[in-house]
Amino acid sequence: MQSTWPARDLLNVAIIMDGNGRWATRRGLPRSAGHRAGADAVRRVIEAAPELGIGTLTLFAFSSDNWRRPIEEVHALMWLLRAFLRSETKRFIESGARLTVIGRRDRLTARLRTEIRRVERATAGGNKLNVRVALDYSARESIVRAAARLQPGVDASVETFDRILAESLSDAPVTGGIDLLIRSGGEKRLSDFLLWECAYAELVFSDRMWPDFDRDELRSAVEEFHRRERRFGGLGVEAAAAASAGAG
Ligand code: IPE
Ligand code: IPE
Ligand code: MG
C-alpha cells in the first residue's frame, strides 16, 4: 500500500519556504512576526495542493543550519511549530492529509517530539495528501545516515538507495524523486534541501516572500512545471522525432 500511495500520477512537490524574516523586517516587525504570518501561508498551500494534482508536499520548516540563528528566533520557531501542529490536527484529519516529520528529532524538545508523534498517529489514515514537514533537516546528513544503512556486499543501485533513504526519512516513504521544487523569497539555491531527491526536479523560484505565498502562486508554479519538458537525459519530443525521421 505504501509504495503505491500517493498515486504515481500525482505530483511530488517540495517547497523551501523562505523570506519570513525579510517580510517582517520590511514592515518594521520582529522576524518572529514573519514566521507567524508564514504559518498562514502553510495552511493555504496545504489546502490548495490536492486540487492542483499534488500528492506529496514536503515543506522545509527548519534546517539543521538554522540552529545558528539567535536563540530567541529558534525558540519562537519551535514554539510556532508546536502550536501549528496542535491547532491544525483537526483540519488535517478532515481534509485527509497525512502528516509526517522528516529530519532529526534528538535535538528537539520532548514536548515538540510528543506533539509530532501525536499528529503523526492522528493523521496516519489520511490518504488525500502526504505532507512531510522537514524539521532539523539536512539533506547531506540524511544521505550519510541512509548510506550507513546499506548492507555491505549488497548491490547498491540507485533504486535501492532511493528506497532506503525514503524509509529512513519517514514512515510514509516517498520514492521516485521530487517533480517540482519551489523556493520563495527570491534566493536561488537549495540550502541543503532534498539534494538526492531533486536530481531531476524542475526548479521554480518565486520572488514572493513566504508569508505572501498563496494558492495562485502555487498554481502558477505548477503551471510552469507543466510547460517544461522533462528529458531525464534523453531527447525531447522534437529532437526524438527529428532523430527518428533522420534514421528513416
Ligand atoms: C524562512 O524564512 C523560514 C526559516 C528559515 C525558518 P527566513 O527566516 O529565512 O527569512 P529570510 O530569508 O531571513 O527573509
Ligand atoms: C532555508 O532557508 C531553510 C528554510 C526555509 C527552512 P534559509 O534562509 O535558512 O537559507 P539560506 O541561509 O538563505 O541559504
Ligand atoms: Mg532565509
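Just follow the structure's listing: the first ligand is 1, and inside any ligand the first atom is 1.
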Enclosure of [X] [atom1] (heavy-atom neighbours >12, cutoff 6.0 Å):
{"X": "Arg111", "atom1": "CZ", "value": "no"}
{"X": "Trp196", "atom1": "CH2", "value": "yes"}
{"X": "Glu73", "atom1": "CD", "value": "yes"}
{"X": "Arg140", "atom1": "CZ", "value": "no"}
{"X": "Glu238", "atom1": "CD", "value": "no"}

Next item on the list: With Arg227 as reference, evaluate Glu229, Glu223, Glu224 under the side chain to side chain donor-acceptor pair (under 3.5 Å) test and give the passing residue.
Entry: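 Of the listed residues Glu229, Glu223, Glu224, the side chain to side chain donor-acceptor pair (under 3.5 Å) partner of Arg227 is Glu224.
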Applying a heavy-atom cut-off of 4.0 Å, say which part of [X] lies close to ligand 1: side chain, backbone, both or neither.
{"X": "Leu77", "value": "side chain"}
{"X": "Arg26", "value": "neither"}
{"X": "His35", "value": "side chain"}

Note to self: If the cut-off is 2.8 Å, does any N/O/S atom of Glu187 fall short of it from the Mg ion (ligand 3)?
What the structure shows: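 So Glu187 does not count as coordinating the Mg ion (ligand 3).
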Just by distance, do the side chain of [X] and the backbone of [Y] share a donor-acceptor pair under 3.5 Å?
{"X": "Asn66", "Y": "Ser63", "result": "yes"}
{"X": "Arg183", "Y": "Asp18", "result": "no"}
{"X": "Glu167", "Y": "Pro173", "result": "no"}
{"X": "Tyr137", "Y": "Ala61", "result": "no"}

Item checked: N/O separation below 3.5 Å, Ser63 to ligand 2 ->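 For ligand 2, there is no N or O atom that lies under 3.5 Å from one belonging to Ser63.
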Checklist line | Contact check: Glu187 vs ligand 2, nitrogen or oxygen atoms, below 3.5 angstrom | finding: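 N/O-N/O distance under 3.5 Å: no.
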Location of contacts on [X] toward ligand 2, heavy atoms closer than 4.0 Å:
{"X": "Asn66", "result": "side chain"}
{"X": "Phe62", "result": "backbone"}
{"X": "Arg68", "result": "neither"}

Checklist line | From CA spacing to verdict: side-chain hydrogen bond (donor to acceptor under 3.5 Å, both in side chains), Asp192, Ser138 | finding: CA-CA 6 Å; Asp192 202 12; Ser138 150; 2.7 Å; yes
What protein heavy atom sits nearest [atom], and how far off is it?
{"atom": "atom 13 (O) of ligand 2", "result": "Arg189 NH2, 2.8 Å"}
{"atom": "atom 11 (P) of ligand 1", "result": "Arg22 NE, 3.5 Å"}
{"atom": "atom 1 (C) of ligand 1", "result": "Met17 O, 3.0 Å"}
{"atom": "atom 14 (O) of ligand 2", "result": "Ser191 OG, 2.6 Å"}
{"atom": "atom 10 (O) of ligand 1", "result": "Gly21 N, 2.9 Å"}
{"atom": "atom 6 (C) of ligand 2", "result": "Phe60 O, 3.4 Å"}

Hey, does [X] sit under 4.0 Å from ligand 1 if you only count heavy atoms?
{"X": "Gly185", "value": "no"}
{"X": "Ala61", "value": "yes"}
{"X": "Arg69", "value": "yes"}

Item checked: Residues Arg82, Thr109; criterion side-chain hydrogen bond (donor to acceptor under 3.5 Å, both in side chains); working and verdict -> CA-CA 10 Å; Arg82 199 156 65 85; Thr109 62; 5.4 Å; no
Checklist line | Identity of the N, O or S atom of Asp18 lying closest to the Mg ion (ligand 3) | finding: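 Nearest N/O/S atom: OD1.
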